[in-house]
Structures are given as structure tokens and as C-alpha cells.
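Chain letters run A, B, ... following the sequence lines, proteins first, then strands; residues in each count from 1. Please read all numbers here as calculations on a predicted model, not as lab measurements.
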Amino acid sequence: MIDVQQLTKSYSGIPAIEGISFSIAPGEVLGYLGPNGAGKSTTVKILAGLIEAGGGHIYLDGIDIRRDMEAYKRRIGYVPEQCEIYPHLTAFEYMQLVGRLHDLPERRLADTACSLLTQFDLRLDMHTPISCFSKGMRQKVLLAAALIHNPDILLWDEPLSGLDVTGALMVRDLIRHLSRSGKIILYSSHVLEVVEKICSRVIILNQGRIAAQGEVSELRRLMELPDLETIFRELVVRTDTEAIAAQIATTIGAAAGTNG
Amino acid sequence: MSRTWQRQWKTLTRHFINEFFINDYIQAEQQMRERTITLLIILMNLSLVLSHKLLLPYLIDPRVVILGSGWTAERVWLEKTFFTTISMGIIGIITVLQWDRIFLSPRDHANLRPLPVHDRLMFLGKISSIAFFILIVSLAINLVSTGVYILYLSDPLRINPIYFGLVLVASHFFSGIFTFLFIAVVQGFIQAFSPLCWQRRLSFYLQLLLLLLFIMLLIWFPRLYPTLKTLQQNNSLFYLLFPPIWFVGLSEALTGNAVFAAQAKYALAAVLLSAALYSLLFSLGFNRSLRSHDPSSPARKGRSIIRRSGEELLHRMLLKSSQERAVFYFAGGVWRKSRPHKLRLGIFLALPIAFFAVQCLTQAWVKNLDFFHTPNIHLVSATTFFSLALVAGLKGAASLPIDLPANWIFRQTEPVDKSRIRSGIRKAMGIQIILPLLTMIFFIFTFFWGIPTAAIHLLFQAILIAVVMEIAFFHFHKIPFACSYLPGKAKIGVFWIPYLLGLLIAVSGLTALELALLRHPDLTPVFVLSGLSLLFLIRFSYRYSGRMREKLIFEEKPAPVLLTISGTLS
């Protein structure tokens, strides 16, 4: 069980997240939602040990993760939102780098890397430099690398970014499998339909604070709204999207008139 | 150290070493091998030629042979200092070019921090990779010369040649480590203490300044080195504070020469102090990035009224077509913001600037400040060298793509007539880079020569740049920074002698021409007219070559290896 309590973080005095608290039990998939700049990636980065929190605590099985960060990191599999990956390495070399730093035995590492890359449909490209990969292929490398050491906790920030339909469907099914096998999964995304389908519980973040949290069905019942998208609109979207869309159409028309 | 730690340390060290060889300048693994081997061979050859030239007198001097004590410190410390200085200068330049690898890069932070690797291990991996990297470079520079030292100078009766060789290698290695760490400490201070908003800019200018200083050292030291003996006898401050002498002292002290004991102590203290400072700054920088890792950049204010009015004026007067404006602002943005592009131009300009600075310093030393007050071959040739390097740097930087996948926007909007694109390129380079630099040159020379002579100098350089630009960009049928890049086309490693000769001939010829013009200013209209006619001729031949209507190049194809009779590639 991972337990986050009163997490805060500011950048140059401007709060990115304030008083974020939640917990994720083994086998649970927590959907982490919010508009751009709400603080989703900041939370995930703090959980991944990439940045330090300004305040608050993270407990794993009741123990503060700061007591032994290496032990904690050994148990997480992180997929970043932005595809920061060494472009000069091949996919296989990248898997080797990650596996070795996780101290996996060489034989097992090579086998697992090969199998995972093959399963992610990168068998023919596994010895090609990542610099030649498309965005979707890079994302697959990141996903495979996040799984190579069989982590207990998955911190996935927009994992479907750039994936084709087959890849996206496969990852969705994979998350269900992993959740059934007792993994703790934090799934941060903008794509409401996917979150609604695969997450057992959701947190909706707005301006660095939790706007709502609970099971999707519970939120629907409490707010008397039909689906997650409508709940999201109700809680987070402060602008009239219809009106803005109409304004955009008018602007384009005006610009076309000026040109023509 | 546990087994896991050992394995992680090895993996990280190997990873960081590879990063030293694959970076912004060397992009693919195959290039890495080729370029590394070429560089190492060039360094070895340079070392062989230099050491042979410096030490040959000892071998052929009959007094040395008779006495059998050729390697003694009284005689060779000067040559050793020369060699150590060159070695430190080269390692300095290489380190400055490895700027982003000195500490952990943002990519290292993003990839390695979520992994179960202790911060101390990252430091250990980095420091081991630095030691290994310096060992390779230092061996490439010094191994051959060490062999020459042993062959020409060592006296087997007095000292074991293998020990003698090992001492030389070790002292050169420590001098290399000190050079690397010295640069690292300078960068580390910026990373650890400068305001975040200034960090990138400060770091870039510092990188350029250090590059310039090391090039100046390499150009200037051969002129200074004959005076070292006098400096030693006068116990001058320079002699005491010049780091290469500390490391020569280290090798002398280790081979039993007590005269240099103090210098040997300085050398060890310098290495230890720089290593301690590096560790401290690594830790401070690491913790700082952990606290203030902010992916977003601060919001900018809108354009000011002055800027907007200036732009409108520019559009009305010079950038009349939208394609011209598109290329102009795109290129301007790259020049302002892209570090690799600015650095590439900076590398091209560093050599003439260093050459100019050394010439000024030396001549001012010998002939006092009168040297600056009359147009002379040194000042004119330095400016000409600068102008030629500027055009070469602009071409080199323009060929480097900023972000290839983003060039679809240019592909999609490519006009039928490319003249506007070409005009945009010309204006972007002219207004954003060349004009400010020429203005600066004009003000400097006005101060020394007065307005009329400085104006002729400016006019000559402006026309020279315009003509050379037209020639250099004649086959550049691309949008700058938007085409794929095939490195190694110029084959500098193979043809550097003809290139150097060509440059020397061009600089001397143009300098002679400009000096003649400065002596006979009444000929200026004839020169301007000839220059403009040449410019017109080049543009005319381009326009009628039919290339204006050809599609722009976005993907550069490698030259065919072999062309068969039927014209297909093999």
C-alpha cells in the first residue's frame, strides 16, 4: 500500500500542488486526472523520486520512503510524460542499462529484455538506435524498461502517448493484468475514456488541489452525472468550450476574409 | 562495496564514458568510432612531430652524448613545460567541448533518478568515467612522446627507463585531470550558485570564454616559452603560478630532482583541491536540481511598443514578403536560443579571435600601443581571417538541423519561386549576425584609426563577406537549420593541409589588397564597383542556373560510393 499525505511543492514560490493526500492499495488502479498545469506530473515526479516534495510524506507499507530511497526505487516502474530517453542507445542497450542498474542477473536481463521488446513489437528494431524511432516506438521502449524488473508499483504518466491503436489496446489490457496480479498502479492521463474503463478509482486535480476523488461509479452517483467526462467538465472546466469553439471558427473566417 | 554497488558502478561508468564519445558533435555510433580514432591518431602524430622536433637537439648534441645525462632537469624542463602546456591546452579544449558531460545532464537526471541508484554511486560513476576519459586522451597525446623522451633522453644507468616513462605518463595524466576539474569547478559554481534564469546563458558565455582562452594559450605559448628560463631566474610570479610548471615539477621530483619539490607539492595540492571542489559542487548542483527541477519556463511579457514599431519598419523596408519574414524570424530564433548552433559559430570564431588577441598582446608588448594606431598587416589580416571564419561558421551552423521532425511545416509551405526564401536567409544572416559584428569592428577601428580609414576597412570587410557568403551558399538549396546533416563531407581530417594553405593564401592576398586600398583610398569607388559587380555576377548565374525552381533539399543524401555506367548507385 502506498500512502501519500499532505504533499506540497512550489516552483519559485508558486504552488504546483497543495495538500495532496491519497492512498493506493495493491491491485488498485488509481486514475490521476486534471487539466494542463494541475500538478499531475509534479506529483508523479515526486513519487518517482525525480524531485523532492516541499512538504508532506509518502509511505510505502507504512514506512517513509525517504528512509531508504534505493529500496523504494527498486520497487517502482516509472514511465515519464515526456519521452526523455538516451537517443544514441539501441532499445536493447537501453533495457540493458536499466536492468543492470536494477541489478538483474545478466542472463535473465538479456532474456527478459528480448522478450519484452518482442512483445512490444520491437523485435526487428531492438538493435536500432532510439534516435531513429518514432514517438510510439520510444514510448514502447519506456514501457518495456519500466517493467523489466517486475516492479510492485507502476507510476505511469500518459503511458498511451504516441501509441497506435493496437499498442494502446495492448497497454490497457496489460494494466488490467498487472492490477489483477496485485500491482499498485498510478495512471496519470488526460484521456478520460481510458481512465473510466481501466481505473478502479480516480482523483481529479485542479490548480494543485484535489477537486474530487473516489470510484467512478460513486462519483457518478454522488454528482448525479452520467459519465466521467461530464463530472470532469463540472469540476474542472471553468470555460464555456462551446462558446470558445464558436469564437475560433469566427476568427478563422475573419482571417480568411482578410487574406482573400 | 556490495556486489550490487560494484555492478551499478561499472554500468554507470561505462555509460558515462560512452556519453563522452557520443554527443551533439558526434551523433552516431559509427561516427563515434571513426571520429575518436581519427582524433586519437591526429593527437599521436602531433605528439610525435612535436617531441621529435623539441628533443632532437639533445640526441644529436655531442656534449650530451658524451656526458650521458641528457634527460637531466637543468636541460629539459623547458621542453617538458612546452609539451605539458600543449597537452593541457588540448585537454582544456576537449573538456570545454564536453561541457554538458562534465556534470549530470538533465537527461541523466530524468533517466537515472527513478532507478535504484544511490546519489553517491552516480558521483562515483561520473568521476571514474572522467578519469578514464582523461587517461585515454592523455595517453593519446603523450604516449608517443614518452617513447621519444625515453629513446632520446633517458640514461638507463641513472634511472630505469620504464619508471621514467611511467612518471611522465602519470604527470601528464594528473595535469589532464587538473585541467578537466578546473573547468568543471568553474562550471560547477555557475550550476550551484547562479540564479536559475541566468544559468544557461552564463554557462554558454563561460564555455565560449574558456574555449577562447585555451586556444589563445596554444597560440601564445610557443612565443612565450623561450623566455621561461629568464622568468625562472627572476623568480617571476608567472613562473610560480603557471600550472604546467607544477606538473613538470611533479615529474622532476619523482625522478629525483629536488629543485622542483615545491612545484610538485603545488601540483598535488591543485589536483586534490580541484577534486574536492568538484565533489562539493557536484553535490550542491545535484541537490539544487532536485529541489528546483522546474520544467516550465517563466512566462514572457508581450512585445514592447518599440519592438513592434521596429519590426513593422523592418517589414516595410526589408522583409516585404511573408516567406522572407518566416525564414528571417525562424533563423533569428535559432540563433538566439539554440546552444549547439551558437556554439558551432563560436568555435569557428574562437580561432581568429584568439589569433587576433595574441597578435595584439604580443605586438603591443613589443611595439607598445603605437601598433594599434596605423593599419598594419597584423590587424588587417586578423579581421580578414575573422570575416572568412564568420562565413564558414554561418554555413556550418546553418547546415545543422534544429529539430528535423518539425520541418514538415516548411515542406508543406514551400513556394514555387525560392528567391524569397534565399533572400530571407541572406537578410537573417546579414541583419542578425553580420551587421552587429561589423558594427562592433567599425567602432573598435574608429577608435584607433579614425572614421575615414575605419569606414574603408568596414566597407572592404562587408563586401568580402557578401561575396564569400554568396559563394559559400551557392549550393545551399535549403532552409537553414531545417535539413538533415551529413557530417564529414569536408573531410577535414584528410584535406586539412590544402584547406590550411588555401586559407593562408586567401588571407594574405586579401590583406595585401586591403592594405593597398587603405594606402590609396581614392581607389575605393573602383573596389566597391568591382565587388558589387562580382556579387551581381554570382547572383545572376544562380538565378539563371534554374535552381530557383528546383525543390528545396530537406533530406541530404550521402554521396554515392560508386556510380555504375548505367548511372545507378552501387
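- Residues B:Pro114 and A:Leu50 form a side-chain contact, since some pair of their non-hydrogen atoms from C-beta on lies under 4.5 Å apart.
- Note: A:Ile51 CD1 to B:His109 NE2 = 13.0 Å, rounded to the nearest 0.5 Å.
- With hydrogens and angles ignored, the 3.5 Å screen pairs no side-chain donor or acceptor of B:Arg107 with any backbone N or O of A:Pro87.
- In this structure, OG1 on B:Thr4 lies 11.0 Å from CD on A:Glu70, to the nearest 0.5 angstrom.
- Taking a 6.0 Å sphere around CD of A:Gln5, one finds it holds more than 12 heavy atoms contributed by other residues, nucleotides or ligands.
- Proximity to chain A (any heavy atom under 4.5 Å) is restricted, for B:His15, to the side chain, taken from C-beta onward.
- Minimum interatomic distance between A:Gly49 and B:Arg113 (heavy atoms only, all atoms of both residues): O-CD, 4.1 Å.
- Ranking B:Thr11, B:Asn111, B:Leu115 against chain A, the residue ahead of the rest is B:Asn111, based on heavy-atom pairs under 4.5 Å.
- Within 6.0 Å of atom CZ in B:Phe132, 12 or fewer heavy atoms from other residues, nucleotides or ligands are found, so the atom counts as exposed in its surroundings.
- With chain B as the partner, the residue from A:Thr42, A:Leu97, A:Val98, A:Ile14 showing the most heavy-atom pairs under 4.5 Å is A:Leu97.
- Other residues, nucleotides and ligands contribute only 12 or fewer heavy atoms inside 6.0 Å of the CZ atom of B:Arg420.
- Both the backbone and the side chain of A:Glu106 come within contact range of chain B, each with at least one heavy atom under 4.5 Å from a heavy atom of that chain.
- Between B:Arg14 and A:Glu93, none of the side-chain N atoms (NZ, or NE/NH1/NH2) sits under 4.0 Å from a carboxylate O, so this pair counts as no salt bridge.
- For a residue to count as touching a neighbouring chain, one of its non-hydrogen atoms must lie under 4.5 Å from one of that chain's; by this rule A:Tyr86 touches chain B with backbone and side chain alike.
- Checking side-chain atoms of A:Lys73 against main-chain N and O of B:Val117 turns up no donor-acceptor pair under 3.5 Å.
- Residue A:Ile46: no heavy atom, backbone or side chain, is found under 4.5 Å from chain B.
- In this structure, the separation between CD on B:Gln8 and CZ on A:Arg100 is 12.5 Å, given to the nearest 0.5 Å.
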